[in-house]
Amino acid sequence: MNEAAVATHVEQTATGYDNRKLFMWIFLASECMFFGSLIATYLLYRGRSIDPPYPGNGFTYNIPYTSVSSFVLLMSSLTMVLALSAIQRGDQRALRVWLLATAFLGCTFIGGQAFEFTSFVQKGVTLKQNLFGTTFFVLTGFHGAHVTVGVLMLLSLFALSMRGKLPQSSSLNVELVGLYWHFVDVVWIVIFTLIYLVKV
Amino acid sequence: MATIARPLPGAMPRPSFGRTIWGIMTTVDHKKIGLMYLTTSLFFFLVGGVEALAIRTQLARPDQHLYSAETYNALFTMHGTTMIFLVVMPMGVAFFNFIVPLQIGARDVAFPRLNALSYWLYLFGAILINTGWFVGAAPDDGWFGYANLTTLAYSPGHNQDFWFAGLQILGVASLIGALNFAVTILNLRAPGMRLMRMPVFVWMTLVTSALLILALPVITVALIELMFDRQFATNFFNVNKGGDPVLWQHLFWLFGHPEVYIMILPAMGIVSEILPTFSRKPLFGYPVVVFSGVAIGFMSWGVWAHHMFTTGLGATANSAFAVSTMLIAVPTGVKIFNWVFTVWGGDVRLKTPFYFAIGFVAMFIIGGLSGVTHALVPSDAEQHQTYYIVAHFHYVLFGGAIFGLFGGIYYWFPKMTGRMLSEKIGLTHFWLMLIGFNMTFGPFHMLGLDGMPRRIYTYPTDRGWGFWNMVSTIGAFTIALSILIFLINVVVSLRKQPDAGEDPWDARTLEWTIPSPPPEYNFAKIPVVQARDPLWHQKLLRRYMAPRAETIGEQKVEEEPGHIHMPSPSYYPLITALGLPIMMYGIIYQSDNKGLWGVVGAGVIVLLLGAFGWATEPT
């Protein structure tokens with residue numbers, strides 16, 4: 001246990017895992033059920049819209065565009081790993097660079113999503129229009145909200161680091177945000193595949 | 001980090017009202033929070049009880065019109081919602097809070113401030129969902145809130161807004177609590193407290209937490225979909241746009257059936273603590289009881305559609321769920337045999353907690369048997385929507401959960417307060433409640449098989465349902481009387497009863513090794529656990545290895561300093577918790593006035609301020 005050795009005041013736990021790390025893992029299990037339920041709803045209502053436009057009837061996805069923004073989000077997982085590695089080495093400068101890079105990539109993804117939502121609405125797909133609009137916006141919207149929360153946490157970490165309050169010994173804080181961030185990325189892979197790539 | 005001198009300081013500040021209130025608002029002590037959960041849930045038990053009495057009074061005789069049918073709908077909806085989300089679940093949590101850290105030899109839960117946050121969210125959610133009563137829009141579509149009855153087209157008022165908003169907050173409260181207890185149990189066990197040495201109550205808390213962690217997000221999504229349908233005109237349950245109301249049923253019951261076990265497993269844990277203590281025998285087949293509890297937890301995920309046998313899912317689905325439902329009776333039955341064999345041949349002491357535990361087992365058997373009759377699809381089709389169902393779930397939830405929880409109150413009251421509850425008044429309470437309970441809910445079996453439907457406001461004389469309904473109403477008032485006697489018992493016992501001492505029941509587990517009520521730091525020295533039922537183990541060693549007794553079981557983990565570090569009090573949980581109800585009130589009323597989005601924003605700001613203050617607070 002690398003970080004337990006570094007942190008001075010971590011108490012011995014019965015499992016050997018830090019309380020907060022265990023908490024985050026179990027919380028992510030709960031999040032699986034959350035997104036699982038939203039995805040199940042999406043799949044159930046797939047192809048059951050009555051009013052157009054919906055995929056296959058007057059609407060097509062811009063798959064290259066969303067692929068690029070998905071790639072951006074996946075790359076943010078790489079920068080997140082680099083941020084964690086930086087703080088574990090005690091390299092504050094690299095930590096700040098990679099935290100900002102991760103937040104920036106996250107923001108780019110959110111911006112891309114905002115643009116995509118706008119273009120959908122211009123094509124006539126709204127929350128109210130049909131089941132496709134309802135399920136698409138609620139599922140991807142809640143994912144976007146998760147990314148936003150992640151960006152807020154990343155920026156908080158960055159602020160802490162700037163004020164010198166994120167020493168090497170609290171690398172666990174970065175690791176926890178990282179766990180959450182990777183989870184949100186993985187969920188996006190599932191959502192992207194199911195919504196954009198799998199044919200109806 | 002607050003520091004407490006190990007011997008309590010001689011000069012304590014005088015208690016004052018203001019200081020007490022401030023103490024409650026900022027406490028992070030699991031024992032105080034446990035007592036806050038207990039008193040709040042008992043208060044809502046009275047509220048739900050009054051609602052039940054109003055229902056029974058209306059149904060006492062045929063053709064009565066004491067109040068409007070709309071009020072009746074609100075009454076049964078709020079009775080169910082209150083008893084499930086505001087009474088049985090939080091009362092279980094009250095015991096998790098007070099007892100689990102003591103039973104595993106910990107000084108607090110893993111996240112004391114999150115624990116306070118759970119409580120405040122529970123309180124605010126409870127207040128929010130009951131706000132409906134005061135603005136003339138109490139939820140009135142049943143505790144299950146079937147869409148599309150609950151969508152805007154069929155429930156135009158704010159009634160269902162209060163329902164989804166309140167449940168959403170209560171869900172967050174339960175989720176945070178469950179995460180906290182899962183981590184506490186896995187991580188904060190004292191040295192030697194291996195998983196298979198944990199008291200069964202701790203095990204059941206762990207299983208319940210796992211169920212909550214996985215089941216709550218499902219209803220969260222269902223409630224989000226309902227909220228979006230109502231507030232933002234989406235189409236999840238809008239049939240005109242292809243929406244499917246059966247989706248609500250699936251999501252609700254996929255949460256709702258694990259929920260049933262979330263309510264009963266804590267009571268099963270309590271009973272598994274009481275029966276061995278008062279039979280002076282270790283729990284019969286401890287590993288089997290534990291694994292049965294875990295098995296129930298797993299299987300509870302595969303039975304939800306038995307709530308939907310008449311929805312028309314088709315023969316294959318119905319058969320599969322019928323089989324899984326019958327199978328889940330097996331681990332439950334195994335537990336019942338284990339309890340019976342625990343008492344069998346034991347040196348039984350007939351104290352009040354023991355009576356309640358036996359009451360639990362007996363009533364739960366009746367409820368379990370009627371439950372098996374619902375597992376048979378044709379039989380269920382006959383019973384569906386009748387009072388027979390109402391009889392079944394009251395036998396498992398009142399006869400089961402509530403009896404178990406009251407047993408827990410009688411068992412742990414001395415530990416919580418330092419006073420014994422009066423045995424004499426306690427037994428009066430027990431017998432009145434048992435008789436009243438069977439008078440109230442026993443006749444429902446007959447009424448149900450006779451075809452009396454659920455949720456009807458009144459019924460004509462010529463149906464012949466008048467007699468059993470009158471019996472039931474008398475029974476309901478008998479229960480009310482027994483609860484009054486319980487409250488008198490609490491008040492009288494707190495004043496008159498002698499000190500309980502550390503271990504009034506000659507009990508088995510770690511909470512009885514420390515003073516009653518326990519000091520803030522619980523254990524002066526963290527105990528080292530050498531066996532299951534550690535206190536009995538210690539007592540036996542003392543008896544048979546007398547001279548060297550003092551060294552056994554009191555080995556220290558490490559030489560501890562003269563001061564014990566405890567988490568500091570904090571008001572940030574309260575502030576953070578306030579954000580959610582503010583947001584929810586804004587969301588409820590934004591459909592009347594878009595300017596109220598400002599209120600939602602204010603709620604978000606309060607939430608973020610609380611969270612940032614929390615994160616930067618020195619601990």
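In the text below, chain A, chain B and the rest are named by the order of the sequence lines, each starting its count at 1. All values below come from the heavy atoms of this structure, side chains included, with hydrogens, waters and symmetry mates left out.
At a 4.5 Å heavy-atom cutoff, B:L254 makes no contact with chain A through either its backbone or its side chain. Residue A:F35 does not touch chain B at all, counting heavy-atom pairs closer than 4.5 Å. Heavy-atom distances place the side chain of A:L44, and not its backbone, under 4.5 Å from chain B. In this structure, no portion of B:L216 lies under 4.5 Å from any heavy atom of chain A. For chain A, no part of B:D229 is nearby; none of its heavy atoms comes within less than 4.5 Å.
Taking each heavy atom of B:K241 and A:Q129 in turn, the nearest pair found is NZ-O, 2.9 Å. Considering all non-hydrogen atoms of both residues, A:A14 and B:L186 come closest at CB-O, 3.4 Å. In this structure, B:E225 and A:L38 approach most closely via the heavy-atom pair OE2-CD2, 4.4 Å.
Here the CG-CH2 distance, from B:L179 to A:W25, works out to 14.5 Å after rounding to the nearest 0.5 Å. Here A:R163 contributes atom CZ and B:T616 contributes atom OG1; the two are 7.5 Å apart, rounded to the nearest 0.5 Å. In this structure, CZ in B:F255 is found 12.0 Å from CE in A:M33, a value given to the nearest 0.5 Å. For the atom pair CG of A:L127 and CG of B:N235, the computed distance is 8.5 Å after rounding to the nearest 0.5 Å. Taking CZ of B:R189 as the reference point, atom OG1 of A:T13 lies at 9.0 Å (rounded to 0.5 Å). Annotation: the span from A:F137 atom CZ to B:F228 atom CZ amounts to 11.5 Å, rounded to 0.5 Å.
The environment of CZ in B:F298 is sparse: at most 12 heavy-atom neighbours from other residues, nucleotides or ligands sit within 6.0 Å. Residue-environment remark: CZ (A:R89) exceeds the threshold of 12 foreign heavy atoms within 6.0 Å. By the neighbour-count criterion of 12 heavy atoms within 6.0 Å, atom NZ of A:K165 is sparsely surrounded, having that number or fewer from other residues, nucleotides or ligands. Atom CZ of A:F104 is surrounded by 12 or fewer heavy atoms from other residues, nucleotides or ligands within 6.0 Å. Counting heavy-atom neighbours within 6.0 Å of A:F115 CZ, excluding the residue itself, gives a total of 12 or less. Within 6.0 Å of OH on A:Y65 lie more than 12 heavy atoms contributed by other residues, nucleotides or ligands.
Using a 4.5 Å heavy-atom threshold, the side chains of B:L188 and A:N19 count as touching. The shortest side-chain heavy-atom distance between B:F612 and A:S156 falls under the 4.5 Å cut-off.
Contacts from residues 244-253 of chain B to chain A, taken as heavy-atom pairs separated by less than 4.5 Å, involve B:D244, B:L247, B:L251 in sequence order.
Put simply, the side chain of A:Y45 gets close to the backbone of B:F236: a donor and an acceptor are under 3.5 Å apart. Formation of a donor-acceptor pair under 3.5 Å by the A:K128 side chain with backbone atoms of B:F232 is not found in this model. No donor-acceptor distance shorter than 3.5 angstrom exists from the side chain of B:T234 to the backbone of A:T134, with no hydrogens or angles considered. At distances below 3.5 Å, at least one donor-acceptor pair connects side-chain atoms of A:S30 with backbone N or O atoms of B:I213.
Taking chain A as the reference chain and counting heavy-atom pairs below 4.5 Å, the highest number among B:A178, B:A233, B:A190 is found for B:A233. Listed options B:V221, B:I176, B:I104, B:N187 were ranked by heavy-atom pairs under 4.5 angstrom with chain A; first place goes to B:N187.
The side chain to side chain contact (heavy atoms under 4.5 Å, CB included) test with A:F34 singles out one residue from B:V218, B:L175, B:L214, B:I224, and that residue is B:I224.
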